[in-house]
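Have a look at the structure below, then the notes.
This one's a predicted model, so the numbers in the text were calculated from it and none came from an experiment.
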Amino acid sequence: MQKDVAVEAEALLYGPQALKRALDKAEELERQGDLSGALHWREKALALKEYFELDEIERKRKVGISPVKVRLYAAFTGISVKESVEISNGLRLDPTYAHVMAPFILAFSPAEDGKPHPGPWKSASGGLAVDVYAQATLDEGVNIGAFDRLNSIWFLATLLRLRISNAIRVPIISDTSFSEVAGGAEPVLWPVEFNQSSQVLPFQTAVDPLVGLLWVSQHIERGADLMTDEGFSLAIQSNDRACHVDSLGTAMVLLWSSVEALFRPGGRDIAKTLSRMVATYLSDDTGVRDRTYQEIRALYKVRGDMVHAARMPDRISVESTAKVARQVLIRTIEEGQLPDGQRLLTAWSNRKAY
């Protein structure tokens, strides 16, 4: 049954009470002798009954839908594509457009288990909205590495943030393609990252997005294999969380936690040891390595001042640290193995390439 706009508006305004209200109105008009008016309200009551029955059927259908069992369509903001890009077998990124709005709706009575809040409902000004320019499709039965299906989408987003822009978000995941929704399909939506992009780290890679997408396509499976290592997993997650925070200090701590998890410098002379490891990992040129060592020592001191003296870091130091974290993570993924700390320290001492 195609939804009647007036009936739907009545149902949304009064909730389940709309049916009782229509029947009461019909009985009142019958008592007054207005048979025509009573018939009108009984027809409206019948339409409302059908509306609520269909709505309940649809609600039960949607409750039964699990992201484990259906094809997933992930909305991406902060990135656009002109044509379909195959990321891996069963995972691709396609161009699309949708303006996703989440208005605020108020209800004023508690809901019974498994049922909507009773009416009336009222809308309020404000809300959230994002523009979607790309859609990732994950076919049924497809997972990336050992991830479940929702985390397969998260890992794709993480690598896109790492390689292209930290402004990339996945606000929602749908069981229906957004182009099909435009044609009348009613999707089930799972909110994921429906927040504004943080302005703390306005860092973006200096490459064409397509180059970054091709990099992700080439390395997503290798990166997923590395996620079985506890240190790499912590490094990736800490770096990714730094993209979402609203504080320079929190971002600085998370970024250095990422680097420390990757290199595991031990518990003594951490600043010196970690700086030597990272500098050696980033360059085989000993002159460049020496300068990098000094820069990293200085950045790590800013981190120490934040943790131990509550001195907020400056934006340049945080952005420089983000660049270091990004570079070491990208190299680790490309090589498919974690940095060897002892080899790095030996290469530093012997003035040799790693």
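If you take CZ on Arg241 and CG on Leu254, they are separated by 6.0 Å, rounding to the nearest 0.5 Å. Glu295 CD to Ser275 OG: the interatomic distance, rounded to the nearest 0.5 Å, is 11.0 Å. Atoms CD and OG, on Glu260 and Ser257 in that order, are 5.5 Å from each other to the nearest 0.5 Å. Atom-to-atom distance recorded for Glu83:CD and Leu93:CG is 11.5 Å, nearest 0.5 angstrom. To the nearest 0.5 Å, atom CD of residue Glu180 and atom OG of residue Ser174 are 9.0 Å apart. Note that the CE atom of Met312 and the OG1 atom of Thr250 stand 7.0 Å from one another [nearest 0.5 Å].
Other residues, nucleotides and ligands contribute more than 12 heavy atoms inside 6.0 Å of the CZ atom of Arg331. Within 6.0 Å of CG on Asn89 lie no more than 12 heavy atoms contributed by other residues, nucleotides or ligands. Counting non-hydrogen atoms of neighbouring residues, nucleotides and ligands closer than 6.0 angstrom, the CG atom of Leu106 exceeds 12 such neighbours. Surrounding CD of Gln32 are more than 12 heavy atoms belonging to other residues, nucleotides or ligands, all under 6.0 Å away.
Using a 4.5 Å cut-off between side-chain heavy atoms of Ile, Leu, Val, Met, Phe, Trp and Tyr, with links allowed through other members, Ile270 and Leu338 fall into the same hydrophobic cluster. In this structure, Leu150 is a member of the same hydrophobic cluster as Phe147, with clusters built from ILVMFWY side-chain heavy atoms closer than 4.5 Å. Under a hydrophobic-cluster definition in which Ile, Leu, Val, Met, Phe, Trp and Tyr are linked whenever side-chain heavy atoms come within less than 4.5 Å, directly or via other members, Val70 and Ile173 are assigned to the same cluster. Under a hydrophobic-cluster definition in which Ile, Leu, Val, Met, Phe, Trp and Tyr are linked whenever side-chain heavy atoms come within less than 4.5 Å, directly or via other members, Val307 and Val259 are assigned to the same cluster. Connection of Leu248 to Val324 is established within a shared hydrophobic cluster, with ILVMFWY side chains joined at heavy-atom distances below 4.5 Å, either directly or through further cluster members.
Of the residues Thr158, Ile236, Ile144, the one that meets the side chain to side chain contact (heavy atoms under 4.5 Å, CB included) test with Met227 is Ile236. No option in Asp290, Asp284, Asp285 other than Asp290 meets the salt bridge (Lys or Arg N to Asp or Glu O under 4.0 Å) test with Arg351.
Side chains of Arg222 and Glu335 form no contact here, defined as non-hydrogen atoms less than 4.5 Å apart. Annotation: side chain of Asn239 is in contact with side chain of Leu255 (closest heavy-atom distance under 4.5 Å). Within the 4.5 Å cutoff, the side chain of Val100 has no heavy atoms near those of the Pro171 side chain. In this structure the side chain of Thr273 reaches within 4.5 angstrom of the side chain of Leu345, judged on heavy atoms. When side chains are defined from C-beta on, Ile168 counts as touching Phe76, because their heavy atoms get closer than 4.5 Å. Contact of the Leu262 side chain with the Phe232 side chain is registered, since non-hydrogen atoms from C-beta on lie closer than 4.5 Å. Contact check for Ile172 versus Val132: no side-chain heavy atoms found under the 4.5 Å cut-off. At a threshold of 4.5 Å between non-hydrogen side-chain atoms, the residues Glu334 and Gln218 do not count as touching.
Judged purely by atom type and a 3.5 angstrom limit, Arg303 has no side-chain atom pairing as donor or acceptor with the backbone of Val253. A distance-only check finds no donor-acceptor pair linking the side chain of Thr332 to the backbone of Pro339 [under 3.5 Å]. Using a distance-only test at 3.5 Å, with no hydrogens or angles considered, no donor-acceptor pair links the side chain of Ser349 to the main chain of Thr346. Using a distance-only test at 3.5 Å, with no hydrogens or angles considered, a donor-acceptor pair links the side chain of Gln135 to the main chain of Phe178.
Within the hydrophobic cluster formed by Ile, Leu, Val, Met, Phe, Trp and Tyr side chains joined at under 4.5 Å, directly or through other members, Tyr293 is accompanied by Trp348. If you chain together ILVMFWY residues whose side-chain heavy atoms come under 4.5 Å of each other, Trp41 ends up grouped with Leu29.
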**Message:** side chain to side chain contact (heavy atoms under 4.5 Å, CB included), that's the test. Do Trp190 and Asp175 meet it? Break it down for me.
**Reply:** CA-CA 9 Å; Trp190 295 279; Asp175 73 325; 4.1 Å; yes

**Message:** Between Ser258 and Leu329, does the side chain to side chain contact (heavy atoms under 4.5 Å, CB included) criterion hold? Intermediate values first, please.
**Reply:** CA-CA 9 Å; Ser258 174; Leu329 283 169; 3.8 Å; yes

**Message:** Run the side chain to side chain contact (heavy atoms under 4.5 Å, CB included) test on Leu91 and Ile220 for me, step by step, so that the C-alpha distance in whole Å, both residues' side-chain angles and the decisive distance to 0.1 Å come before the verdict.
**Reply:** CA-CA 11 Å; Leu91 176 63; Ile220 191 168; 4.2 Å; yes

**Item:** Worked verdict on Val170 versus Leu156 for side chain to side chain contact (heavy atoms under 4.5 Å, CB included)
**Value:** CA-CA 10 Å; Val170 181; Leu156 170 62; over 6 Å; no

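Under the 30°/60° scheme for interplanar angles, the aromatic rings of Tyr354 and Tyr281 are found to stand perpendicular.
The list of salt bridge (Lys or Arg N to Asp or Glu O under 4.0 Å) pairs with a residue in residues 134-150, not counting sequence neighbours, reads Arg71-Asp139, Arg71-Glu140, Arg92-Asp139.
The two residues Ala279 and Ile296 make their nearest non-hydrogen contact at N-CD1, 3.9 Å. For Ala107 against Pro118, the heavy-atom pair with the smallest separation is CB-O, 4.5 Å. The minimum heavy-atom distance linking Ala26 with Arg42 is given by the pair CB-CG, 3.5 Å. Heavy-atom minimum distance, Ile105 versus Trp121: CG2-CB, 4.1 Å. Contact detail for Ser125 and Phe104: the closest heavy-atom pair is O-CD1, 3.9 Å. Nearest heavy atoms, Gln237 versus Ser233: NE2-OG, 2.8 Å.
A salt bridge links Arg161 with Glu193: the closest approach of a Lys/Arg side-chain nitrogen to an acidic carboxylate oxygen falls below 4.0 angstrom.
Both the sub-6.0 Å distance and the 45° axial angle are satisfied by Arg163 relative to the ring of Trp215.
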